[in-house]
Amino acid sequence: MNVNGKQYQSIWFDEALNSVNIIDQTCLPHKFETLILKTLEDTCHAIEAMQVRGAPLIGVAAAYGMYLALSENPEKVSPALERLLATRPTAVNLRWALERVEKALEEVSIERRSSVALATARELEREDMAICEKIGEHGATLLNEIWESKADKSAVLNVLTHCNAGALATVDWGTALSVIYKAAEKGIPVHVWVDETRPRNQGAALTCWELAQHGVSHTLIVDNAGGHLMQQGLVDCCVVGSDRTTITGDVCNKIGTYLKALAAHDNSIPFFVALPVSSIDFTLSDGVSEIPIEERSSEEVSHISGIAENGELLTVRMTVKDIAISNFAFDVTPARLISKIITEKGIFDAQESELLKLKT
Ligand code: MRU
């Protein structure tokens with residue numbers, strides 16, 4: 001990804017320093033800071049505190065966490081797997097990536113465990129970049145079709161997105177935003193409506209920052225504005241990511257995605273979900289009843305962070321002190337509301353007979 005004209009990944013291994021590096025996403029958009037993860041606990045903290053977030057990135061970070069854990073103590077494979085698995089419950093890529101490391105460690109001598117975990121993490125990192133670029137290429141063909149069918153060629157192609165499913169949510173490129181980047185590369189004049197995405201504001205803080213770094217036209221909107229924009233003919237399609245998708249095509253993504261899908265359906269606007277095959281949980285068939293929904297701290301709702309005019313970073317409370325708060329981080333969009341699922345393997349309908357083709 002482009003950061004002030006320099007290429008970055010959200011996570012990378014520095015061979016010269018032998019270090020695992022991340023962009024600290026909790027500092028964005030006000031400060032660009034990178035961090036070195038040195039231990040298993042550093043990695044778990046980074047995932048839990050959302051210094052790294054986004055389903056694919058969490059998976060790769062967890063694989064690096066295994067490397068760091070086994071460098072500390074090569075005997076503790078199971079405790080490290082368990083600790084990492086417990087960091088965030090919803091995104092299935094975490095489990096998927098840890099299973100890849102676990103498999104790679106089978107029949108590996110204790111002395112070689114950390115180096116095998118490192119090799120696997122680096123492989124997952126490379127794979128994720130290639131997968132996300134492919135998702136973008138496939139998805140851009142859908143955006144191109146919509147653009148081609150638009151009568152007014154002096155207009156722009158208006159895409160609405162929710163949360164951050166960009167390069168920051170993966171190693172590079174992103175899923176939903178990869179589709180947008182590839183469409184822009186094709187010369188389609190894309191404009192993105194960015195949902196702010198309360199309570200962590202990944203849209204306002206991360207997606208807007210990322211789109212600005214890539215020179216993609218965008219406008220920040222409050223979470224409740226999407227339906228109105230759709231009714232006014234100001235949205236040509238929606239593209240979002242996924243943290244977990246069932247074999248039947250139900251998609252679990254950041255809280256609020258479901259309401260956007262309902263509004264899109266009511267206004268006959270295509271609703272696309274861009275995701276790597278690693279986000280499909282082939283063991284689940286009903287998203288609403290089977291996907292565990294992460295509940296996060298009430299402070300994410302009662303408090304808000306930002307920068308004061310004097311440059312000071314501040315967190316302030318918006319509510320009275322004693323207040324009941326519920327903070328579900330994800331919701332499930334049923335398959336019937338999804339127009340297409342865009343993967344690295346191509347474009348599919350959100351239904352079991354289609355998604356089964358992706359099972360290896
Ligand atoms: O809580 P977060 O910020 O990890 O949630 C991220 C999302 O919901 C993304 O849309 C999802 O992970 C898809 S990212 C490619």
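Whatever order the structure lists them in is the order used to number ligands and atoms, beginning at 1.
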Just list the N/O pairs, ligand 1 to protein, that are under 3.5 Å apart, with the distance for each.
| residue | atom | partner | partner atom | Å |
| --- | --- | --- | --- | --- |
| ligand 1 | 1 (O) | R88 | NH1 | 3.4 |
| ligand 1 | 1 (O) | R88 | NH2 | 2.7 |
| ligand 1 | 1 (O) | K254 | NZ | 2.7 |
| ligand 1 | 3 (O) | R53 | NE | 2.8 |
| ligand 1 | 3 (O) | R53 | NH2 | 3.2 |
| ligand 1 | 3 (O) | Q202 | NE2 | 2.8 |
| ligand 1 | 4 (O) | G54 | N | 2.9 |
| ligand 1 | 4 (O) | R88 | NH1 | 2.8 |
| ligand 1 | 8 (O) | D243 | OD1 | 2.9 |
| ligand 1 | 8 (O) | N253 | OD1 | 3.2 |
| ligand 1 | 8 (O) | K254 | N | 3.4 |
| ligand 1 | 10 (O) | N253 | OD1 | 2.7 |
| ligand 1 | 12 (O) | A55 | N | 2.9 |
| ligand 1 | 12 (O) | D243 | OD1 | 3.2 |
| ligand 1 | 12 (O) | D243 | OD2 | 3.0 |

For a quick test of your reading: what N or O donor-acceptor pairs under 3.5 Å do the side chains of residues 54-68 make, sequence neighbours left out?
| residue | atom | partner | partner atom | Å |
| --- | --- | --- | --- | --- |
| Y64 | OH | E125 | OE1 | 2.4 |

Side chains of residues 205-212: which donor-acceptor partners sit under 3.5 Å, not counting sequence neighbours?
| residue | atom | partner | partner atom | Å |
| --- | --- | --- | --- | --- |
| T207 | OG1 | C163 | O | 2.7 |
| T207 | OG1 | N164 | ND2 | 3.2 |
| E210 | OE1 | N164 | ND2 | 3.1 |
| E210 | OE1 | A167 | N | 3.3 |
| E210 | OE1 | L168 | N | 3.2 |
| E210 | OE2 | A167 | N | 2.7 |
| E210 | OE2 | Y181 | OH | 2.7 |

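The shortest distance between side-chain heavy atoms of C238 and M230 falls below 4.5 Å.
The main-chain N or O of I338 is never found under 3.5 Å from a side-chain atom of H265 such that the two would form a donor-acceptor pair.
Applying the salt bridge (charged side-chain N to carboxylate O under 4.0 Å, His left out) criterion to D236, with sequence neighbours excluded, gives K150.
Here the options are S115, S109, S114, the test is side chain to side chain donor-acceptor pair (under 3.5 Å), and the partner is E111; only S109 passes.
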